[in-house]
Amino acid sequence: MAARPLGGRHGCGGTAAAVAAGLVTAGLGTETGCSVRLPAALCGVVGFRPTTGRHPAQGVLPLSWTRDTIGVLAHTVEDVCLLDAILTGTHPAHPARSASPPDPRTVLRGLRFGAPRHPFRDGIAPPLLAALDARLAELAAAGATIVEDELPAGTASHVAAAGLPIALYEASRALDGYLREHGLPLRFADVAARIASPDVARLLRPLPGHGPAEDAYEQALTVHRPALDALLHAHLADRGLDVLLLPTAPVTAPRLLPGERILLAGRPVPAFPALLRNTDPSSIVGWPAITLPAVRDAHGLPFGIDLQAPAGRDLPLLQIARACAALWGLPRRGRVAPLR
């Protein structure tokens, strides 16, 4: 966790902080639930998590072999497209990249954006909701259709039954395998004992011998995850939607309160589930998603808009993201701070 690189005492960290501070043009991150898109949104940069398995993960410390994904963070969608092309071996003929991108209205005209409200907008400050609605209005003015139908009943229960059980069951086993493979004398319990973040420590330290049961994991993997994927696919297909559009998180970069809590709608709530809420469904099913820094609050803190598409639709998603970024006036060129 780093002090917010744009100033102030609000926290976020990792590669997103380095990109936002101008130390690098772009970088890589790993996402199991939200760890590419959330820091990107809080730092005001672009964060892309591709379809699970699209980017090579050899040598990366694992948490969940089902959910882990290598993602890209950058100042611009253009730079995200460049790194995606390199990582997938399609550079320079990457269809989402071009020297002169088309008029965004040409791309956006006729597209259908799903923008469900509950629970994704719950607790968001009214000025941020107004700014989000203004961005949706710009899309509509460009010829896109905004569909605000809610996600199907059962979505939340499948998310709860699949999300943490998969990650927590696989975490200790994945890390132990990594440590053995590299000939290290440590095991998962040794690493977990040194976790500094209290909320992460509470999740991971009890796992050896006390994690999800085998049957709960099998149900999560073979019943609830496929059911969630089917529900989301059916929602898009029934309404002719191209992508989902959601707030990446319900808040801008928050101050962390005692007990690992943040303020949401004026009351303290546990930070981890609140910040994970909007990105978790897409990460569970392995869908590609990209957060754009399209809104700022009254204090200048960035607020991300997340675009999500079905697995394998990475390139169409990047094309839509480029068009949205151009329509919303986001930069096409990154910046790097001069060395001192």
Side-chain angles (χ1 to χ4, degrees), residues 1 11-16 28-43 47-55 57 60-73 119-120 122 151 155-175 192 195 197-205 207 211-212 216-217 220-221 224-226 228-229 232 244 246-251 253-254 256 260-262 264 269-291 304-309 311:
M1 185 70 76
C12 49
T15 303
L28 303 181
T30 58
E31 178 168 305
T32 304
C34 64
S35 297
V36 167
R37 288 174 287 166
L38 178 64
L42 300 185
C43 287
F48 172 55
R49 64 139 291 143
T51 297
T52 301
R54 177 175 174 84
H55 294 167
V60 176
L61 186 126
L63 181 63
S64 166
W65 55 80
T66 299
R67 297 187 54 177
D68 287 350
T69 308
I70 308 302
V72 177
L73 301 97
F120 307 104
D122 294 354
L151 295 185
T155 299
S157 62
H158 287 308
V159 167
L164 278 179
I166 290 174
L168 295 183
Y169 181 89
E170 293 178 354
S172 61
R173 293 163 177 82
L175 186 54
I195 294 173
S197 174
D199 58 338
V200 177
R202 276 194 297 272
L203 281 173
L204 297 186
R205 283 178 184 165
L207 288 185
Y217 171 68
L221 197 63
H224 295 291
R225 184 172 182 260
L228 175 61
D229 189 55
L232 295 177
L244 294 176
L246 310 170
T248 311
V251 293
L256 197 59
E260 298 293 312
R261 292 174 175 264
I262 61 171
L264 183 61
V269 298
F272 184 78
L275 295 173
L276 181 68
R277 181 186 74 190
N278 291 5
T279 59
D280 206 25
S282 56
S283 74
I284 290 171
V285 295
W287 284 20
I290 184 167
T291 180
I305 293 179
D306 200 40
L307 305 174
Q308 306 173 0

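A quick note: this is a predicted structure, and the numbers were derived from the prediction, not measured.
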Full working for side-chain contact (heavy atoms from CB on, under 4.5 Å) between Arg225 and Ile284: CA-CA 7 Å; Arg225 184 172 182 260; Ile284 290 171; 4.1 Å; yes
Pairing residues for Thr291 by the side-chain hydrogen bond (donor to acceptor under 3.5 Å, both in side chains) criterion, not counting sequence neighbours: Thr248
Rounded distance [0.5 Å steps], CG in Leu207 versus OG in Ser172: 5.5 Å
Non-neighbouring partners of Thr30 that pass side-chain hydrogen bond (donor to acceptor under 3.5 Å, both in side chains), sequence neighbours left out: none
Aromatic ring pairing Tyr217/Tyr169, orientation class (parallel under 30°, perpendicular over 60°, tilted between): parallel
Side-chain donor/acceptor of Asp306 to backbone N/O of Leu246, under 3.5 Å: no
Heavy-atom donor-acceptor pair, His224 side chain to Ala161 backbone, under 3.5 Å: no
Shortest non-hydrogen separation from Leu232 to Trp287 and the atoms involved: CB-CH2, 3.4 Å
Interatomic spacing from CD1 in Ile70 to CZ in Phe48 - rounded to 0.5 Å: 12.5 Å
Nearest atoms (heavy-atom pairs only) where Pro270 meets Arg261: CD-NH1, 3.6 Å
Backbone of Leu28 reached by a side-chain donor or acceptor of Thr15 within 3.5 Å: yes
For the student: nearest non-hydrogen atoms of Pro39 and Cys34, plus distance: CD-O, 3.4 Å
Gap between atom CD of Glu31 and atom CG of Leu38 - 0.5 Å precision: 9.0 Å
Short side-chain to backbone donor-acceptor contact, Arg49 and Gly29, under 3.5 Å: no
Point-to-point distance, once rounded to the nearest 0.5 Å, from CG of Leu204 to CG of Leu175: 9.5 Å
Heavy-atom side-chain contact between Val269 and Ile262 under 4.5 Å: yes
Point-to-point distance, once rounded to the nearest 0.5 Å, from CG of Asp280 to CG of Leu228: 9.0 Å
Side-chain heavy atoms of Val200 within contact of Phe272, under 4.5 Å: no
Sequence-distant partners of Ser64, side-chain hydrogen bond (donor to acceptor under 3.5 Å, both in side chains), two or more places apart: Glu170
Ala311 to Gly286 - nearest heavy-atom pair and separation: CB-O, 4.1 Å
Spacing of Ile166 atom CD1 and Thr32 atom OG1 [to the nearest 0.5 Å]: 11.5 Å
side-chain hydrogen bond (donor to acceptor under 3.5 Å, both in side chains) between Ser283 and Arg37, worked out: CA-CA 10 Å; Ser283 74; Arg37 288 174 287 166; 4.7 Å; no
Shortest non-hydrogen contact from Arg277 toward Pro250: NH2-CB, 3.4 Å
Ala167 backbone acceptor or donor facing Thr66 side chain under 3.5 Å: no
Smallest separation among heavy atoms of Asp68 and Thr52, with atom names: O-CG2, 3.6 Å
